[in-house]
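Structure record follows, encoded as structure tokens.
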Amino acid sequence: MAEKITGAEILMESLKAQGIKTIFGYPGGSIMPVYDALFDYTRGPKKAFDHILVRHEQGAVHAAQGYARVSGQVGTVIVTSGPGVANTLTGIADAMIDSTPVVVIAGQVGVGVLGTDAFQELDLITVAQPICKWVYQIRRPEDIPWAVSKAYYLAKSGRPGPVVLDFPKNAQVTKCEYLPTTVNFVRSYIPSPRPNEAHIQEAAAIINAAKKPLALVGQGVELGNAHEELKAFLEKANIPAGRTMLGLSALSSSHPLNVGMLGMHGNYAPNIKQQEADVVIAIGMRFSDRVTGNLASYLKQAKVIHLDIDHAEINKNVIADVAIVADCKESLPMLTALVNEADHTEWIESFKSLQEREEEKVTRKALHPTEGPLLMGEVANAVAEATQGMGVTVTDVGQNQLFSTRYSKYNTPRSIITSGGLGTMGYGLPAAVGATFAEHDRPVVVFMGDGGLQMTIQEFGTIMEYQCPVKMVLMNNNFLGNVRQWQNMFFQKRYAFTHMLNPDYKQIAEAYKIPYLRVSDRKELAGAVRQMLDTKGPFLLETVIMEEDDVMPMTVPGASVSEMLLEKETK
């Protein structure tokens, strides 16, 4: 008979069996037995994990997201019950809508007092169920290996997403034998449907007849590791491609068929040309409202082919003429085999006049101003030039996100980490921390506004303790910039509670022993960026930004993408 060990120790062995190396977490009363066991598994002969002590549970989930997005592995979080796990809910919801594989393991009061409003009790099952792929309460230690294996299987398979395990204290301390269990099948769950060959053939016929085809590339290509398959398809059929924000590094910025970023503040040409294309091939993207604009006028002239692993996305927002429900790593080669080698040179060349208009009206002014305060675009561009598109770009949410995603370069897969669907301010800093623990040798640069930074600024403590090599670019305009822009354009410049009185970031950086530099003169910008990148470990570069710097182009809410503005209109 095997030795009996506690449920907490069984959890450690189960995580070890999953190949987990890095855990982000924060201890507390209801998870203390797990942390006591974890202590032995982070040192000595049992060492299996590195545990990163964040400074807030929300930061733990965002760090796990950043780790997952760069590494392609599942991020792991351990927290306590009640307020501890409640603090993770924003990150869980963010991971759900952005398809990020994360497993959150939360302590819980003992089974015997469930439902009594015991100290730090929270009905996690009810709360978490709508915002994750699966939530389960482990009431017996015998169930731990099965629950953990199923959790990681569900988190990483099919369309990835977060899974939550609720772990009552009695199951942590009760002893039983550890019996390893592997879950690789769940009844009624089909993570990767087989491509329908008839639909593949139908799609190929439509593409072969197209005169103006356009591909819309999303994060599904990254999640499916289908970068080479995408290139093979686009190059054989000679199809230009726009990328969603989360799909920016699915196709290199320098690829000749890349025509820019889609979306409300994306590039002018791919947004306008969506409405001229006769065939649109959507690959691993969900037709977000920020991409489509007004659905009543969107793609009415085009036949739509939609490739997605999740059947729930098919016909949800845009009706597809042909749907291919499968992993695009499998479906794209099948489609490529059937499409003809084509020449769409004239169609591709037609994008250039629109690109030139954006260059004249927007890009030149944003990247190469000759006077006045620094602009966000030129800061992002200075970093892009210094890293040659080989770094990992992390952003917070707001104008900093929109400028940095527009003007960064992406020449390596899995190089963009941003909160897309939920738009979570405070995401950037902890996500960048997590990214530094993924196995890669690229610089991690996070762009933040002064508002978003202050939402999770306590993670400076994590950076200090572990000397995370995060290169932090603070774009400080003393405003909640994106809200201010909307107030400017749509609310008669009534800046209701968007101006911010900011602290002295130099003193904060010094308190956390983080190297710091402040730059306001564009003549010093390139040198400051170089100093940041060349400094070992973390660095905070504060850039003093013009207060009323606006992100353009823009498709205003309710408008068609064909009505995208190159210059600001105020109402």
Side-chain angles (χ1 to χ4, degrees), residues 19-24 42 47-52 54 59 62-76 100-102 156 219 221-228 231 246-255 380-396 404-405 407-418 427-448 459-460 462-473 514-515 517 526-541:
I20 304 307
K21 303 295 184 186
T22 304
I23 297 169
F24 302 92
T42 57
K47 179 172 171 56
F49 316 116
D50 290 317
H51 177 271
I52 311 306
V54 296
H62 293 331
Q65 288 178 273
Y67 174 88
R69 294 269 280 272
V70 173
S71 69
Q73 306 300 312
V74 180
T76 301
T100 306
V102 172
K156 66 188 175 184
Q219 188 192 195
V221 173
E222 296 253 61
L223 297 174
N225 295 310
H227 307 86
E228 294 302 318
K231 283 197 298 182
L246 292 181
L248 282 170
S249 58
L251 182 67
S252 172
S253 298
S254 59
H255 195 283
N381 185 59
V383 174
E385 290 184 351
T387 59
Q388 297 295 304
M390 300 306 291
V392 176
T393 297
V394 188
T395 86
D396 205 80
S404 59
T405 51
Y407 296 119
S408 292
K409 303 299 181 186
Y410 310 92
N411 293 323
T412 305
R414 296 186 174 276
S415 293
I416 175 67
I417 304 174
T418 191
Y427 173 94
L429 184 62
V433 168
T436 65
F437 288 96
E439 293 183 11
H440 64 90
D441 56 1
R442 294 175 284 161
V444 175
V445 181
V446 56
F447 296 91
M448 303 172 289
E459 298 309 326
F460 276 1
T462 310
I463 292 170
M464 176 180 65
E465 180 166 350
Y466 299 98
Q467 284 298 292
C468 309
V470 182
K471 311 306 180 184
M472 297 165 277
V473 180
I514 295 173
L517 191 62
V529 169
R530 190 72 265 162
Q531 181 178 338
M532 174 185 71
L533 294 172
D534 289 344
T535 299
K536 185 178 179 180
F539 196 99
L540 175 61
L541 175 62

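- Considering CG of L248 and OG of S253, their distance stands at 7.0 Å, rounded to 0.5 Å.
- Applying the side-chain hydrogen bond (donor to acceptor under 3.5 Å, both in side chains) criterion to S249, with sequence neighbours excluded, gives E222.
- You'll find the side chain of V383 stays beyond 4.5 Å of the side chain of T393, heavy atoms only.
- The shortest side-chain heavy-atom distance between T436 and Y466 does not fall under the 4.5 Å cut-off.
- Closest non-hydrogen pair, A380 versus F447, comes out as CA-CE2, 3.9 Å.
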Test side-chain contact (heavy atoms from CB on, under 4.5 Å) on T76 and F49 and set out the steps. CA-CA 11 Å; T76 301; F49 316 116; over 6 Å; no

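- How far CD of E465 is from CD1 of I52: 8.5 Å, rounded to the nearest 0.5 Å.
- When all heavy atoms of T535 and P515 are compared, the closest pair comes out as CG2-CG, 4.2 Å.
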The test is side-chain contact (heavy atoms from CB on, under 4.5 Å); show your working for L541 and K471 and say whether it passes. CA-CA 8 Å; L541 175 62; K471 311 306 180 184; over 6 Å; no

What's the verdict on side-chain hydrogen bond (donor to acceptor under 3.5 Å, both in side chains) for R442 and T412, showing C-alpha distance, side-chain angles and the deciding distance? CA-CA 10 Å; R442 294 175 284 161; T412 305; 4.6 Å; no

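- A search for side-chain hydrogen bond (donor to acceptor under 3.5 Å, both in side chains) contacts involving K536 returns nothing, not counting sequence neighbours.
- Residues forming a ring-ring contact (aromatic ring centres under 6.0 Å, His included) with Y410 (at least two apart in sequence, or on another chain): none.
- Partners of Y427 under the side-chain hydrogen bond (donor to acceptor under 3.5 Å, both in side chains) rule, at least two apart in sequence or in another chain, are R69.
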Given side-chain contact (heavy atoms from CB on, under 4.5 Å), test I463 with V433 step by step and report yes or no. CA-CA 7 Å; I463 292 170; V433 168; 3.6 Å; yes

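- The closest donor-acceptor contact from the side chain of D396 to the backbone of M448 lies at 3.5 Å or more, if one exists at all.
- K231 is linked by a salt bridge (Lys or Arg N to Asp or Glu O under 4.0 Å) to E228, counting only residues two or more places apart in sequence or in another chain.
- Pairing each heavy atom of P538 with each of C468, the nearest pair is CB-O, 3.2 Å.
- Residues F437 and S71 are not in side-chain contact: their nearest non-hydrogen atoms beyond the backbone lie 4.5 Å or more apart.
- Taking 4.5 Å as the limit, every side-chain heavy atom of F24 sits out of range of all side-chain heavy atoms of P430.
- When all heavy atoms of T42 and K47 are compared, the closest pair comes out as O-NZ, 3.6 Å.
- Listed for the K409 side chain is no donor-acceptor partner under 3.5 Å among the backbone atoms of S254.
- When every heavy atom of I417 is checked against every heavy atom of G66, the shortest pair comes out as CD1-O, 3.8 Å.
- Using a 4.5 Å heavy-atom threshold, the side chains of R530 and L533 count as touching.
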Going through the distances and angles, do N225 and R414 end up as a side-chain contact (heavy atoms from CB on, under 4.5 Å)? CA-CA 9 Å; N225 295 310; R414 296 186 174 276; 3.5 Å; yes

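- In plain terms, the two heavy atoms of V394 and A432 that are nearest each other are CG1-N, 3.9 Å.
- In this structure, the separation between CG on L223 and NZ on K156 is 14.5 Å, given to the nearest 0.5 Å.
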Take T22 and D50 through the side-chain hydrogen bond (donor to acceptor under 3.5 Å, both in side chains) test and state the conclusion after the steps. CA-CA 5 Å; T22 304; D50 290 317; 5.0 Å; no

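- Every residue two or more places apart in sequence or in another chain was checked for a side-chain hydrogen bond (donor to acceptor under 3.5 Å, both in side chains) with Q531, and none qualifies.
- At most 12 heavy atoms of other shown residues, nucleotides or ligands fall within 6.0 angstrom of atom CD in E439.
- Looking at L429 and M472, their side chains come closer than 4.5 Å, going by heavy atoms from C-beta outward.
- Between L246 and I416 there is no side-chain heavy-atom pair separated by less than 4.5 Å.
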